[in-house]
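Following: one structure in structure tokens, then a few remarks.
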Amino acid sequence: MSDLFSNISPSHSGPLTVFQAQLKTCRQLNWSEVFNGYSALRAITFSSSLEFLLDLTEQFEDIEIVFGSEHILTKTHIALAQASQLFEDYGFKDCLTDQKSLVEGLRQLLGPRSSLFLPRLQNGTLRFRLLTGRPSHEKLYLLSGSNGQRVVTGSANLSIAAFHGHQHEVIITFDDLTAWDAFEEYYQRDYKKSVAIETDILISVSSDGKDKQPDISTASLPYEDVPIVRAIRAGLVHVEQGGMSISEGMAIDALRKAQRLRQELEKIPLPMSSKGVTLVTPTIVSTFLQARDNLPAVDCPKDEIPRASLSVRTGEVFLNDQLWLSEKDTISEHDVARDVHLLVDYISSFSAFYGNSQSAIASYWAFLVWLYMAPFAPFLRQGAVSHHIDPWLYPPYAVLYGRSSGGKTLFTQIIAQSMFGVVKSIQSSMFTAQRVLGLRQQLGAIPLLIDDVTPDRMSKYVPDMVRTDRDMAECYAPIVLTTNKDVTSISADLTKRMVTCHIDASLPDSRRGNLTEGLYIGLDYEKVCFVKKKFP
């Protein structure tokens, strides 16, 4: 099995802060016993939940929470990031879009309980801050009150799942002054690198007749009011820096929105000094936001992406969150035989193609077997890792390459449609690694087809996307690429990590229409025995 850490350069390493401790005792406590006797809380954490925040608000007279600035493309990068500590660039644009999305997400958390949160926000006894640069990975909670001081640290985020025993966590407490002083210094270090989510960002004043009633804001947050922008205009100089470890976010929806906003801002460059350093000053922020306002309007994407998921444990398949197939469903032998004959006749018809048609038939059969297995690849890869087996034995990528007019595009569409009754594809001009990684999370088990990929996009996006992918989620879409005759071979390091099907046969243009159209009609309204359901 390959070493997950082998591609990390020694230059990325740095000094670690290590606290040497001695275990005194281990007790079983509920969360309230951990926090009882203290009236003030200062916390550094990644994520929070509304229910637990409600409990904390009632428990403490004063609360200050610093959220680590988070950035992630897809939910399933979490496991990879925690395992291999891969790094991505993180700069002003990332910080700007993350903070805008997270503040809007925080408003949504606070809004339904505004009667409780609003007074605390107004009197300053509930405060939130956001880190501006490289994120803090520590989970640190400083408690003070009539019982003295207590430090709570370990693996637990500030959430119900962590503190209500819904998942395994390591929770460590220190009640001595030496530990308090040490961790207080640690907290102040990150506090100085954070910016406040000011009260007026979270609260709006609505007009109701003559009375103006304050409430938690629900409107879109203007870029001018994003905390990092306010801080820069107040005097903070933000230095662009590379290297951010990917980590779990407050809410995957907010982070997906941040990614869309990040793509929107990608077209606007940030100027660099003669020394090659970008300093984000108030003037640059104003110029940047003005350029952003001048971007052409884009249509809001329609949320019509289908999703399929399957459970190996229960033997159920869900399509768009509805039960679609169960292992209890009965499939008649007649239906199975019909679908099998359709497939055999369809693939055998490629023998009429010119060139090495028998090799093409073998490649198409190999691809079909892989694609029908591919929805189970995430489960197999998880099992492989736990048993110290290379997960690349179960590849999530495939590429069909070779001659033009070899039937590749139509074949992938027909076989993909035979699985769940839907086809999701994107053209080469829309193909980027970020778009593919985002779509495959939304599609779940439904294959994503990338049609007629040009050689330049093959060389630009595919190698890094395939080499660095060790996705360990339970469900994500298999990726299918087709490319034309200009690609005559696939590099050896990629053939180890993806299914490669060489189609060295083609049909002359004079015969292409009649034959392929007839074959398509034969399968367009049927599905093979893999799922056997009526089309939605």
Side-chain angles (χ1 to χ4, degrees), residues 11-12 14 66-73 87-107 127-136 188-202 204 217 219-247 249-250 254-298 300 432-435:
S11 62
H12 285 137
V66 179
F67 290 109
S69 223
E70 301 162 89
H71 184 75
I72 191 171
L73 293 180
F87 288 82
E88 289 195 350
D89 292 336
Y90 188 85
F92 170 72
K93 297 175 184 178
D94 302 295
C95 186
L96 180 64
T97 54
D98 282 357
Q99 290 194 3
K100 174 177 166 61
S101 299
L102 291 172
V103 170
E104 291 174 349
L106 183 59
R107 286 170 166 179
R127 303 177 300 280
F128 299 96
R129 300 181 68 87
L130 289 167
L131 286 171
T132 59
R134 188 170 295 154
S136 170
Q188 290 299 331
R189 179 203 64 183
D190 282 351
Y191 181 93
K192 293 176 181 177
K193 298 178 182 178
S194 67
V195 292
I197 304 178
E198 297 173 352
T199 302
D200 66 311
I201 292 177
L202 298 173
S204 62
S217 178
S220 175
L221 179 68
Y223 279 98
E224 288 78 9
D225 287 334
V226 174
I228 184 63
V229 173
R230 285 191 171 189
I232 291 173
R233 286 178 166 169
L236 173 71
V237 177
H238 181 86
V239 180
E240 287 284 271
Q241 56 181 330
M244 175 217 155
S245 59
I246 307 173
S247 54
M250 176 192 294
L255 295 175
R256 283 173 177 164
K257 179 180 179 181
Q259 181 59 29
R260 293 195 298 269
L261 294 174
R262 180 65 172 83
Q263 292 173 354
E264 175 184 316
L265 301 181
E266 186 61 38
K267 299 177 182 179
I268 309 174
L270 288 170
M272 298 179 65
S273 68
S274 58
K275 296 182 179 180
V277 177
T278 298
L279 296 178
V280 184
T281 63
T283 301
I284 289 178
V285 167
S286 298
T287 303
F288 181 87
L289 294 182
Q290 183 178 2
R292 184 265 167 195
D293 292 337
N294 291 331
L295 286 175
V298 296
C300 296
T432 66
Q434 290 183 349
R435 180 171 287 111

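The figures that follow rest on heavy atoms only: side chains count, while hydrogens, waters and symmetry mates do not. Treat the numbers as computed from the prediction; the structure is a model and nothing was measured.
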Is it the case that the ring center of Phe288 lies less than 6.0 angstrom away from the ring center of Phe92? yes
With a 3.5 Å distance limit and no angle check, can you tell me whether Lys93 reaches the backbone of Ile268 through a side-chain donor-acceptor pair? yes
For Ile232 versus Pro282, what's the shortest heavy-atom pair and its separation? O-CG, 3.3 Å
Is there a side-chain contact between Ile284 and Leu279 in this structure, where contact means two heavy atoms from C-beta onward sitting under 4.5 Å apart? no
In the structure I gave you, are the side-chain heavy atoms of Ser217 and Leu202 within less than 4.5 Å of one another anywhere? no
Closest non-hydrogen contact found for Glu224 with Arg230 is O-CG, 3.8 Å
Roughly how far apart are Ser194 OG and Ile228 CD1, rounded to 0.5 Å? 10.5 Å
So which atom in Gln99 and which in Leu131 form the shortest heavy-atom distance, rounded to 0.1 Å? NE2-O, 3.5 Å
Which residues pass the side chain to side chain contact (heavy atoms under 4.5 Å, CB included) test with Ala196, sequence neighbours left out? Arg129, Glu198
Would you compute the distance between atom CD of Gln290 and atom OG1 of Thr287 and round it to the nearest 0.5 angstrom? 6.5 Å
Locate the shortest heavy-atom distance separating Ile201 from Asp225; write the atom from each residue and the value. CD1-O, 3.1 Å
Would you say Thr199 and Arg127 are linked by a side-chain donor-acceptor pair, where the criterion is simply a distance under 3.5 Å? no
Separation between CG (Asp98) and CG (Leu130), nearest 0.5 Å, reads 9.5 Å
Validation row: Lys100, Ser220 side chains within 4.5 angstrom (heavy atoms): yes
For side chain to side chain contact (heavy atoms under 4.5 Å, CB included), just list the numbers for Phe128 and Leu102, CA-CA rounded to whole Å, side-chain angles, deciding distance to a tenth of an Å, and then say yes or no. CA-CA 11 Å; Phe128 299 96; Leu102 291 172; over 6 Å; no
